[in-house]
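Notes for the one structure printed next.
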Amino acid sequence: MAVTRDSIGVENNKGKKLILHKVVPKDTYYSIGRRYNVNPKDILNFNDSKYLSIGIVIKVPTNVSFTADQPEKPVAQTPAGTTSTGNNAAITEGGLIEHTVQKKENLNMLAERYGTTVNEIKKANNMRSINLQIGQVLKIPATKRPDEEPQPEPVAAQIVQKPADTPAAKPVKTGSDNNQNALNKNIDLNKPSGNNAGAEELLVHTVASNETIYSIATKYHMTIDQLKAKNNLDNSGLSVGQKLLIRGQYPAKPAFTPPANTSDANPDSINSITNPALRYPASRYGLNQIEEKGAAVWISDPDLDPSKMLVLHRTAPIGAIIKITNPMTNRTTFAKVVGKFTENESTKDVLIVMTKAVADALGALDKRFYCNLTYGGPDNDEEQ
């Protein structure tokens, strides 16, 4: 077996060749095993399931006889990039994990869970579409176990922690001098901390000029979707100096204290008490807000313009605006209720029916999917 480009030398392992491999971007135990024609499980066991990161050296055991005239020839390495995680759990022959599809699972979810891509899963299973069936067994070229927890590594970030008996905590300088001024400027250290003595400490990262959402997520061992969800980001665009929440929660704002003197209160509020005709409906204050969770389906109906944000609901008032969230993609949109729907084969056990435009805005992959709804109920206030 010839030493390939990504190896840096060989050693004698009881008369067998032991390849020294320096980890480069996108390396996994599966890809390394395939490169040297060695079972990935053998590499995992030989290296005690060592965590893979750029630049570390692992040893690849082979059955090729070692000869004394085989020199160790270091070669050029690929520039540094992302990291990969090995996994020795449930790996079958060839380094693939067998996964049985469960309810509500899709290829995007599985790719993120196992640290791979949708195209890799489709290629490993000779799939032509992204449609899955419950109980279907997929072979996944995984780079991590689904139960692995990322270990955050605070770099170029500032930890904000305020003890209960001090007015404000001093910033801890853990990043470069270029980021420090931006951190001190953007993190508010004067917010009250409350009783957070046992809470997880706050970790905030300030975006530098050469950073992307991908590089920041990799730095803290997070996925891009986790980082976007943590900061309520709709896209991957970042700006220099932007603050990103990595760990913990921002201090809660103090509760509103109403004025002690009624003369300082809003005159409209006083008039609404003395004159019921001036009262605002309860829905103005969100007192009769309704929240629902259930299945949604989009249909092609000649009475509904597919390019408009329209929905049908069993009980929501016609004309109401419903806030719809797809928890699978973390996307939210708003749509107008234009009528009610009757149950048939396609709408059985469905909470809401929508147009294609609404489904696209939510990033729905299937025609039927799970969603969360929020809308105002009918006003129950009546004039006395």
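Computed from heavy atoms alone, side chains included, the values below leave out hydrogens, waters and symmetry copies.
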[atom1]-[atom2] distance between [X] and [Y], expressed to the nearest 0.5 angstrom:
X: M354; Y: I352; atom1: CE; atom2: CD1; value: 5.0 Å
X: K59; Y: I19; atom1: NZ; atom2: CD1; value: 13.0 Å
X: I213; Y: S236; atom1: CD1; atom2: OG; value: 4.5 Å
X: K367; Y: S300; atom1: NZ; atom2: OG; value: 5.5 Å
X: R331; Y: N326; atom1: CZ; atom2: CG; value: 8.5 Å
X: I140; Y: I121; atom1: CD1; atom2: CD1; value: 4.5 Å

Do you know the tightest heavy-atom contact between [X] and [Y]?
X: N12; Y: G15; value: OD1-N, 2.8 Å
X: S129; Y: L107; value: O-CD1, 4.3 Å
X: R247; Y: E201; value: NH2-OE2, 3.3 Å
X: L110; Y: H99; value: CD2-NE2, 3.3 Å
X: T100; Y: V137; value: OG1-CG2, 4.0 Å
X: M309; Y: A361; value: CE-CB, 3.9 Å

Say whether, by atom type as modelled, one donor and one acceptor occur between the side chain of [X] and the main chain of [Y] under 3.5 angstrom.
X: N231; Y: L233; value: no
X: T329; Y: L362; value: yes
X: D48; Y: K50; value: no
X: T347; Y: V350; value: no

For this session: State which residue, out of K243, K219, E211, fulfils the side-chain hydrogen bond (donor to acceptor under 3.5 Å, both in side chains) condition with H205.
Result: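 Output: one option passes, namely E211.
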Problem set entry | Y370 six-ring centre to K104 NZ/CZ under 6.0 Å and within 45° of normal |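 Geometry flag: set, cation within 6.0 Å and 45°.
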[X] and [Y]: side chain donor to acceptor below 3.5 Å:
X: D225; Y: T223; result: no
X: N119; Y: T117; result: no
X: S215; Y: T218; result: no

Are [Y] and [X] connected in a single hydrophobic cluster, I mean Ile/Leu/Val/Met/Phe/Trp/Tyr linked by side-chain heavy atoms less than 4.5 Å apart?
X: I299; Y: L373; result: no
X: L138; Y: M109; result: no
X: M328; Y: V358; result: no
X: I322; Y: V338; result: no
X: I324; Y: V297; result: no

Exercise. Quick one: salt bridge (charged side-chain N to carboxylate O under 4.0 Å, His left out) partners of K356, sequence neighbours excluded?
Worked result: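 Expected list: D360.
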With a 4.5 Å cut-off on side-chain heavy atoms, are [Y] and [X] touching?
X: L238; Y: I216; result: yes
X: L244; Y: V204; result: no
X: I246; Y: L227; result: yes
X: I58; Y: I32; result: yes
X: Y29; Y: S49; result: no
X: I56; Y: K22; result: no
X: N13; Y: F66; result: no
X: M127; Y: L132; result: yes

For this session: In sequence, state the C-alpha distance, the side-chain angles, and the governing distance for V337 and L312, and then conclude on side-chain contact (heavy atoms from CB on, under 4.5 Å).
Result: CA-CA 6 Å; V337 179; L312 303 177; over 6 Å; no
Could you check whether atom [atom1] of [X] has more than 12 heavy atoms from other residues, nucleotides or ligands sitting under 6.0 Å from it?
X: N344; atom1: CG; value: yes
X: K123; atom1: NZ; value: no
X: K323; atom1: NZ; value: no
X: K122; atom1: NZ; value: yes
X: K293; atom1: NZ; value: no

Problem set entry | H21 vs Y36, side-chain contact (heavy atoms from CB on, under 4.5 Å): CA-CA, chis, key distance, verdict | CA-CA 10 Å; H21 176 86; Y36 297 110; 2.8 Å; yes
For this session: Take R113 and E105 through the test salt bridge (Lys or Arg N to Asp or Glu O under 4.0 Å) and record every step on the way to the result.
Result: CA-CA 11 Å; R113 180 183 303 172; E105 288 184 337; 3.1 Å; yes
Exercise. If you link I, L, V, M, F, W and Y whenever their side-chain heavy atoms are under 4.5 Å apart, who else ends up in the same group as F46?
Worked result: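 Traced through the cluster, F46 reaches L18.
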Exercise. Would you say the ring centroid of H313 lies under 6.0 angstrom from that of F341?
Worked result: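 No.
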Problem set entry | Pair E343 + R314: basic N to acidic O under 4.0 Å |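 Salt bridge: yes.
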Problem set entry | Carboxylate-amine/guanidinium proximity below 4.0 Å for D27 and R35 |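 Yes, charged N to carboxylate O under 4.0 Å.
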For this session: Could you please spell out the steps behind the side-chain contact (heavy atoms from CB on, under 4.5 Å) verdict for N108 and V118?
Result: CA-CA 6 Å; N108 286 329; V118 173; 3.2 Å; yes
Exercise. Does the side-chain contact (heavy atoms from CB on, under 4.5 Å) test come out yes or no for M222 and K228, once each step is laid out?
Worked result: CA-CA 10 Å; M222 303 172 68; K228 290 170 67 176; over 6 Å; no
